[in-house]
Student: 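Below is one structure. I have some questions about it.
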Amino acid sequence: MKLNRASSLSVTRVAEVCCVLLVAALAGCASADHRAPVEDRRPAASRPAVSPPSGTPAPAAPAAPGTAATADPAKPPLPGWENAGKPGYYTVKPGDTLIRLGLENGQNWRDIARWSGLENPNVIEVGQVLRVVPPAPDPNAVTVRPVAPAGRVESRPLDAKPPVAGASASAPAGSASAPTVVVPAATPPAAAAAPAPREPDEDLNWAWPAAGPVGTPFDDNKSKGLAITGKPGDPVLAAADGRVVYAGAGLRGYGNLVIVKHNATYLTAYAHNQTLLVKEDQVVRRGQKIAEMGSSDAERVQLHFEIRRQGKPIDPARLLPPR
């Protein structure tokens, strides 16, 4: 009986020790704050706001519907915007090309690119403003003009003496009593009024660019030029002296095209060719073969011929000689 009581006391002592150890272990876990995660099932609106940890930037508030983002920088203005609407400038529209702008303004497309400061003439943007006329000369530029003589200059020998007032013209040289007779210079008769000079740009010797008949006359609202019919390979001739400013197929509706600039006023266009025989910047003479007739970008073999005065199409029959 005594043995059973001792065993019971030992078991009780062991149980007490285990309880102390368990309490100590639980206290250590509580001091380390190793709490189990808790899922909050309350609605979001009723949950308390949780502050972010120190040093963490607060998230950006969502933008209101329909409000543009302010993070993207504004698009810079297109080149030449400050000249929009000014005389001599043009705002690019969809479908425009430098070649067409040159044709419609009577200019070399390369000059338009140079006047407009284009780094890449193959790329222009809608809304970009281009200069399509030559820059005006600087009014402050200094010009040097020859100085005209104030009057008639009379030459005399170095040993000659000036005439003495009151001396006679018939008196011998050296006589002081001979009077001097002054004969006034004869006034030339007034010249007849000369006719007004003709503008140099208008003084061109025109020739027909092809020998075939005219299939379609000029129509300012449709054709913009003459359609001269013929056979494939018929010669296409320069209508006047000039310089080639374009030779290629980069203008829709014209096929293989040659554009010749004759002066600051006139240029001519030769379209729908099957073969081009000249290159850009080449000087051509009146009657020189520059292409062969064809049907490129056309329904039949023909030469579409335009004369443009300062970019505006005019009836070629007004300038070409009668046949």
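Just so you know, these numbers use all the heavy atoms, side chains as well, and skip hydrogens, waters and symmetry mates. Just so we're clear, the structure is a prediction, and the values are computed from it rather than from any experiment.
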Student: Looking only at heavy atoms, which two atoms of Asn263 and Thr265 are closest? And how far apart?
Tutor: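 Closest approach of Asn263 to Thr265: OD1-N, 2.9 Å.
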Student: What heavy-atom pair brings Ala264 and Asp201 nearest, and what distance separates the two atoms?
Tutor: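 So the minimum-distance heavy-atom pair works out to CB-OD2, 3.6 Å.
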Student: Verify, without hydrogens or angle tests, whether His272 (side chain) and Gln302 (backbone) share a donor-acceptor contact under 3.5 angstrom.
Tutor: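 No; judged by distance alone, with no hydrogens or angles, the pair does not exist.
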Student: Measure from the side-chain N and O atoms of Ser223 to the backbone N and O of Gly225, and report whether any donor-acceptor pair falls under 3.5 Å.
Tutor: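 Yes; judged by distance alone, with no hydrogens or angles, the pair exists.
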Student: Any side-chain heavy-atom pair from Leu257 and Tyr246 closer than 4.5 angstrom?
Tutor: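 Of all side-chain heavy-atom pairs linking Tyr246 with Leu257, at least one is under 4.5 Å.
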Student: Quick one: pull up OG in Ser116 and CG in Leu101 and give me the separation to the nearest 0.5 Å.
Tutor: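 These two atoms lie 9.0 Å from each other.
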Student: Residues two or more places apart in sequence or in another chain: which of them pass side-chain contact (heavy atoms from CB on, under 4.5 Å) with Asn205?
Tutor: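 With neighbours one apart ignored, the set is Arg286.
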Student: Does atom CZ (Arg252) have a neighbourhood of more than 12 heavy atoms from anything else shown, all under 6.0 Å?
Tutor: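 Check fails, neighbour count at 12 or below.
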Student: Taking the side chain as everything from C-beta on, heavy atoms only, tell me whether Glu306 gets closer than 4.5 Å to Arg308.
Tutor: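 Sidechains of Arg308 and Glu306: in contact.
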Student: On a heavy-atom basis, which atom in Val245 and which in Lys261 lie closest, and how many Å separate them?
Tutor: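 Shortest heavy-atom contact: CG1-CB, 3.6 Å.
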Student: Would you call Arg309-Glu202 a salt bridge at under 4.0 Å N-O?
Tutor: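 Yes.
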Student: Start with the C-alpha distance between Tyr266 and Trp206, add both sets of side-chain angles, then the distance that settles ring-ring contact (aromatic ring centres under 6.0 Å, His included), and finish with yes or no.
Tutor: CA-CA 11 Å; Tyr266 287 100; Trp206 295 99; 5.7 Å; yes
Student: Flag yes if more than 12 heavy atoms outside Lys289 fall under 6.0 Å of its NZ atom; otherwise flag no.
Tutor: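 Correct, the count exceeds 12.
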Student: Could you list the residues that satisfy side-chain contact (heavy atoms from CB on, under 4.5 Å) with Glu119, not counting sequence neighbours?
Tutor: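 Checked Glu119 against side-chain contact (heavy atoms from CB on, under 4.5 Å); zero matches.
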Student: Could you measure the distance from the NZ atom of Lys224 to the OH atom of Tyr254? Nearest 0.5 Å is fine.
Tutor: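 If I round to the nearest 0.5 Å, the distance is 8.5 Å.
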Student: Could you check whether any side-chain heavy atom of Glu104 comes within less than 4.5 Å of a side-chain heavy atom of Arg100, counting everything from C-beta outward?
Tutor: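 Touching, per the 4.5 Å side-chain cut-off.
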Student: Please answer whether the main-chain N or O of Asn256 pairs with a side-chain N or O of Ser296 as donor and acceptor at a distance below 3.5 Å.
Tutor: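 Yes, because the side chain of Ser296 sits within donor-acceptor range (under 3.5 Å) of the backbone of Asn256.
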Student: Flag the pair Glu280 and Arg243 as a salt bridge only when some basic side-chain nitrogen lies within less than 4.0 angstrom of an acidic carboxylate oxygen.
Tutor: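 Looking at Arg243 together with Glu280, the answer is no, because their closest N to O distance does not fall below 4.0 Å.
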Student: Is Ile314 linked to Leu320 within one hydrophobic cluster, defined over Ile, Leu, Val, Met, Phe, Trp and Tyr using a side-chain heavy-atom separation of less than 4.5 Å?
Tutor: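 Yes, Ile314 connects to Leu320 through the hydrophobic network.
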Student: Enter the distance from Asp111:CG to Leu98:CG here, rounded to the nearest 0.5 Å.
Tutor: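 One gets 11.0 Å once the value is rounded to the nearest 0.5 Å.
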Student: Heavy atoms, side chains only, cut-off 4.5 Å: are Leu267 and Val260 in contact?
Tutor: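 SC-SC contact between Leu267 and Val260 ruled out.
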Student: A side-chain contact here means heavy atoms from C-beta on lying under 4.5 Å apart; do Val283 and Val244 qualify?
Tutor: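 With C-beta onward as the side chain, the pair stays apart.
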Student: With a 4.5 Å limit on heavy-atom distance, are the side chains of Val214 and Trp208 in contact?
Tutor: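 Yes; the side chains approach each other to less than 4.5 Å.
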Student: Between Val236 and Ile290, is the side-chain contact (heavy atoms from CB on, under 4.5 Å) condition met? List the steps.
Tutor: CA-CA 6 Å; Val236 175; Ile290 60 176; 4.2 Å; yes
Student: I need the minimum non-hydrogen distance between Asn273 and Val258, along with the two atoms involved.
Tutor: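 Result for this residue pair: ND2-N, 4.4 Å.
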Student: Measure the CD1-CD1 distance between Ile112 and Ile99 for me, rounded to the nearest 0.5 Å.
Tutor: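 The CD1 atom of Ile112 sits 10.5 Å away from the CD1 atom of Ile99.
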Student: A side-chain contact here means heavy atoms from C-beta on lying under 4.5 Å apart; do Ser295 and Arg300 qualify?
Tutor: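 Ser295 does not reach Arg300 side chain to side chain.
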Student: Please check: side-chain N/O of Tyr270 versus main-chain N/O of Ala239, any donor-acceptor pairing under 3.5 Å?
Tutor: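 Side chain of Tyr270 to backbone of Ala239: a pair is present.
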Student: To the nearest 0.5 Å, how far apart are CG in Leu319 and OG1 in Thr268?
Tutor: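 One finds 11.0 Å between CG of Leu319 and OG1 of Thr268.
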Student: At what distance, to the nearest 0.5 angstrom, does CG of Leu237 lie from CZ of Arg285?
Tutor: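 With rounding to 0.5 Å, CG (Leu237) is 15.5 Å from CZ (Arg285).
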Student: Check Ala210 against Leu303 and note the closest heavy-atom contact, atom names and distance.
Tutor: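 Shortest heavy-atom separation between Ala210 and Leu303 comes out as CB-CD2, 3.9 Å.
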Student: Where do Ala247 and Leu276 come nearest, in terms of heavy atoms and distance?
Tutor: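 The pair with the smallest heavy-atom distance is C-CD1, 3.9 Å.
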Student: If you measure from the Lys or Arg side-chain nitrogens to the Asp or Glu carboxylate oxygens, is any gap between Asp315 and Arg318 under 4.0 Å?
Tutor: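 Result for this pair is no, no salt bridge flagged.
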Student: Within the structure provided, determine whether His304 and Ile228 are in side-chain contact (heavy-atom separation under 4.5 Å).
Tutor: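 Counting from C-beta outward, His304 and Ile228 never come under 4.5 Å.
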Student: Do any N or O atoms from the side chain of Thr229 and from the backbone of Gly215 form a donor-acceptor pair under 3.5 angstrom?
Tutor: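 No, because the side chain of Thr229 does not come within donor-acceptor range (under 3.5 Å) of the backbone of Gly215.
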Student: Using modelled atom types only, decide if a donor and an acceptor are shared between the side chain of Asn105 and the backbone of Gln107 within a distance under 3.5 Å.
Tutor: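 Not a single qualifying donor-acceptor pair exists.
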Student: Between Lys93 and Asp96 (salt bridge meaning N to carboxylate O under 4.0 Å), is one present in this structure?
Tutor: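 No, no charged N to carboxylate O under 4.0 Å.
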